[in-house]
Amino acid sequence: MLLAALAQSPTSAQEAECPSGWRELPVRGAQFEALVRWKARDDQAPLPTDIAVPGLSRMLLAVLVSAGPDPDALPPEEEFAAYRRVISEMQTGLEELQQCYT
């Protein structure tokens with residue numbers, strides 16, 4: 001539901017740019033825009049309860065760490081505390097979204 005609310009269907013121009021065998025999901029929010037692209041797997045049919053993007057948690061972790069503070073500027077404890085703050089904000093946001101449906 002959240003993904004459907006945030007994501008919009010790719011335009012034909014975006015579909016033309018997507019390499020063969022890949023899938024993509026454009027996502028847009030109030031102050032951001034992102035395009036997630038992943039290699040489609042024909043050997044595994046998704047279940048109706050599956051998240052649309054395989055390996056989403058690893059992808060989100062890669063984005064988080066890539067966008068994080070300069071690791072040379074902080075001790076590891078402070079760097080990872082910054083990552084945990086973002087994850088905590090995501091958890092709070094997810095709980096707020098769920099409350100809209102209950």
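Note that the structure is predicted; figures quoted are calculated from it, not measured. Positions are given from 1 along the sequence.
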Exercise. Can you tell me if Q99 and E95 form a side-chain donor-acceptor pair at under 3.5 Å?
Worked result: no

Seminar exercise, completed: Rounded to the nearest 0.5 Å, the CG atom of L94 sits from the CD atom of Q91 at a distance of 6.0 Å

Give me the atom names and distance for the closest heavy-atom approach of [X] to [Y].
X   : Y   : result
A40 : R23 : CB-CG, 3.9 Å
K39 : W22 : N-CE3, 3.3 Å
S66 : A62 : OG-O, 2.7 Å

Problem set entry | Passing candidate, side chain to side chain contact (heavy atoms under 4.5 Å, CB included) with V86, options L64, L60, V63 | L64

For this session: Only one of E96, M90, E89 passes side chain to side chain contact (heavy atoms under 4.5 Å, CB included) with T92; say which it is.
Result: E96

Please tell me if the side chains of [X] and [Y] come closer than 4.5 Å, counting only heavy atoms from C-beta onward.
X   : Y   : value
S88 : Y83 : no
V36 : E24 : no
V53 : L25 : yes
W38 : L56 : no

For this session: Please check if atom CE in M59 has more than 12 non-hydrogen atoms from other residues, nucleotides or ligands closer than 6.0 Å.
Result: yes

For this session: Identify whether L74 and I87 are in the same connected component of the hydrophobic contact network (ILVMFWY, side-chain heavy atoms under 4.5 Å).
Result: no

